[in-house]
Amino acid sequence: MLTLKFIQENRAEVIEKLKVKNFDASAIVDQILQKDEERKQTQQNQDNILSQINSISKEIGILFKSGKADEANAAKEQTTHLKEEVKELSQNLALIETDLQKLLVQIPNIPHASVPPGKGEEDNVEIKSGGTIPELHENAKPHWELTKDFDIIDFELGVKITGAGFPVYKGKGARLQRALINFFLDENIKAGFSEIMPPLVVNEASGFGTGQLPDKEGQMYHVGVDNLYLIPTAEVPVTNIYRDVILQAKDFPVKNTAYSACFRREAGSYGKDVRGLNRLHQFDKVEIVALEHPEKSYAMLDKMVAHVETLIQKLGLPYRILRLCGGDISFTSALTYDFEVFSAAQDKWLEVSSVSNFESYQANRLKLRFKEDGQKKTQLAHTLNGSALALPRIVAAILENYQTPDGIKIPDVLVDYCGFDYIK
RNA sequence: GGAGAAAUGGCCGAGUGGUUGAAGGCGCACGCUUGGAAAGCGUGUAUACUAUGUGAAAUGGUAUCGGGGGUUCGAAUCCCUUUUUCUCCGCCA
């Protein structure tokens with residue numbers, strides 16, 4: 001979330017810039033500013049009274065020590081009405097603070113100046129493309145037929161065991177999966193990210209820290225008995241490593257990568273692009289997460305985008321990079337680049353990565369701060385993350401684009417990881 | 001799952017109702033000392049909100065001793081609750 005201070009000092013700018021995200025912040029910003037005034041007033045009153053009580057208490061202590069019990073007992077009575085006042089004020093203050101919090105959480109992150117205006121995905125701006133779209137043979141098939149023909153991914157079996165959207169990877173299909181995970185992790189490590197194996201379930205505080213809670217609650221699987229959530233992305237546990245942490249400026253950049261299974265309920269998205277591997281409830285993804293100094297976070301974003309691009313290039317897939325418009329960018333992001341690969345048999349672009357700079361929006365929720373050398377003041381760090389990469393659609397594109405009349409050719413970089421060069 | 005013990009600052013560790021944001025030590029920073037270093041000496045060393053205020057600073061108030069709640073004029077200290085850790089028992093990949 002945005003900091004109160006920022007909203008106070010940049011009221012007009014906040015409202016103006018959020019228009020790019022098609023969000024009218026004016027009413028809510030005013031409510032926030034008003035609530036905060038209330039909060040300050042109430043807290044000042046409370047602090048004053050507490051201060052009085054504290055000093056009376058000290059006196060009482062001294063009186064008792066010097067044997068003046070009578071005077072001490074008399075002093076006690078002074079505090080009774082003060083205590084009542086404090087009780088009321090603190091209850092009030094708690095209410096005001098929850099209200100304020102609820103309001104603050106409703107304001108999306110400010111989009112970066114380069115975010116194009118727009119309503120939806122049709123307004124995203126293509127900034128780069130690469131690779132060549134293959135010419136497929138006559139009998140080319142979409143991946144959901146290929147997976148069946150070669151018996152490498154079994155969707156029906158997943159339905160039996162769990163439900164729709166939980167495929168079972170078999171034989172070379174499973175092996176390809178593992179190969180991709182290892183390939184991505186190794187490449188990320190070479191690019192300076194250090195590997196993390198995080199928990200796959202997180203608590204409420206972590207869900208809040210990265211912005212999934214409270215608003216996207218319905219998108220996560222919830223383990224009710226223990227009040228835990230299955231992670232929708234490794235971003236959640238990995239970024240939360242740094243919740244309530246104060247770094248030194250010299251610690252930057254912090255770069256982590258993690259493979260995890262990801263779980264998404266995808267409530268409300270049935271019926272649209274859900275065939276085969278296009279949209280799953282459980283899928284594998286390798287994530288990169290970076291923490292950076294505010295002055296350097298956009299340079300880091302560029303590096304991350306360039307790195308993700310090399311992964312796709314090494315796999316030999318046709319791709320394009322989009323700068324998301326205000327209508328398509330996420331609530332918490334300031335600037336996002338999406339990567340899409342072209343899946344030839346479906347004749348369709350599939351999103352395989354989303355690389356974002358959240359600036360201090362997540363950091364504020366996380367209380368992730370840093371200190372400049374020798375400075376006492378803390379500042380919020382910037383957080384960034386991206387997929388590098390999400391597997392299912394990469395697999396879909398590999399299967400479709402690399403299919404030949406003789407079977408599916410494995411991209412060169414994966415052959416050693418797979419231990420085979422064709423799926424026949 | 002059952003029984004017991006514990007949780008204090010960057011770390012170790014004292015502290016069972018009264019000027020305790022918290023002894024002492026370590027670490028760290030700065031200064032003195034030195035040809036330089038070590039040792040020694042001195043000073044400093046949490047976070048948030050807030051008031052006054054500044055070029056920067058500084059000073060005051062409030063809160064925080066795992067989390068939440070309570071008792072009390074006053075809580076690190078007493079009570080309740082919750083989480084985590086350790087030990088023992090049970091179960092188990």
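Source: prediction; values computed, not measured. Protein chains get the first letters and strands the later ones, always in sequence-line order, with residue 1 at the start of each.
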[N]: pairing nucleotide in any strand, Watson-Crick or G-U under 3.5 angstrom:
| N | result |
| --- | --- |
| B/U45 | B/G27 |
| B/U87 | B/A3 |
| B/U59 | B/A51 |
| B/U71 | none |
| B/A93 | none |
| B/A37 | none |
| B/U77 | none |
| B/U16 | none |

Under 4.0 Å, counting only non-hydrogen atoms across every strand here, what does A/Lys371 touch: a base, just sugar-phosphate, or nothing? sugar-phosphate
Give one of base, sugar-phosphate or nothing for A/Ile62, where a contact means two heavy atoms less than 4.0 Å apart.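 A/Ile62: base contact, heavy atoms under 4.0 Å.
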Using 30° and 60° as the class boundaries, would you call the ring planes of A/Phe166 and A/Tyr221 parallel, tilted or perpendicular?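 Aromatic pair A/Phe166/A/Tyr221 classed tilted.
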Map A/Asn48 and A/Ala75 onto RNA chain B by nearest heavy atom, then report which one ends up closer to the 5' terminus.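 The residue whose closest nucleotide sits nearer the 5' end is A/Asn48.
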Between A/Asp47 and A/Lys87, who's closer to the 5' end of RNA chain B by nearest nucleotide? A/Asp47
Under 4.0 Å between a side-chain N or O of [X] and OP1 or OP2 of [N]?
| X | N | value |
| --- | --- | --- |
| A/Gln43 | B/U50 | no |
| A/Ser51 | B/U62 | yes |
| A/Thr378 | B/A48 | yes |
| A/Asn54 | B/U62 | yes |

Distance-only donor-acceptor check, side chains [X] and [Y], under 3.5 Å:
| X | Y | value |
| --- | --- | --- |
| A/Glu235 | A/Gln362 | yes |
| A/Asp284 | A/Tyr169 | no |
| A/Ser297 | A/Asn357 | yes |
| A/Gln346 | A/Glu400 | yes |

Mind checking the [atom1] distance from [N] to [M]? Whole angstroms is fine.
| N | M | atom1 | value |
| --- | --- | --- | --- |
| B/G60 | B/C65 | C1' | 24 Å |
| B/U43 | B/C26 | P | 14 Å |
| B/G21 | B/A75 | P | 11 Å |
| B/G66 | B/G61 | C1' | 27 Å |
| B/A58 | B/U45 | P | 11 Å |
| B/U81 | B/G18 | P | 26 Å |
| B/U16 | B/C11 | P | 23 Å |
| B/U33 | B/A39 | C1' | 11 Å |

With sequence neighbours left out, what residues match A/Ser57 under side-chain hydrogen bond (donor to acceptor under 3.5 Å, both in side chains)?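 Scan of A/Ser57 (side-chain hydrogen bond (donor to acceptor under 3.5 Å, both in side chains), adjacent residues dropped) gives none.
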From [atom1] of [X] over to [atom2] of [N], roughly how many Å is that when rounded to an integer?
| X | N | atom1 | atom2 | result |
| --- | --- | --- | --- | --- |
| A/His81 | B/C73 | NE2 | C1' | 13 Å |
| A/Gln248 | B/G27 | CD | P | 19 Å |
| A/Leu63 | B/U19 | CG | C1' | 13 Å |
| A/Arg39 | B/A63 | CZ | P | 16 Å |
| A/Leu50 | B/A51 | CG | P | 16 Å |
| A/Gln46 | B/U62 | CD | P | 11 Å |
| A/Gln91 | B/G68 | CD | C1' | 15 Å |
| A/Glu38 | B/C49 | CD | P | 19 Å |

Result of checking A/Ile312, A/Val286, A/Ile288 against A/Leu389 for side chain to side chain contact (heavy atoms under 4.5 Å, CB included):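 The option that passes is A/Ile312.
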Measure from the side-chain heavy atoms of A/Gln44 and tell me the nearest of B/A51, B/C49, B/A48.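 The listed nucleotide nearest to A/Gln44's side chain is B/A51.
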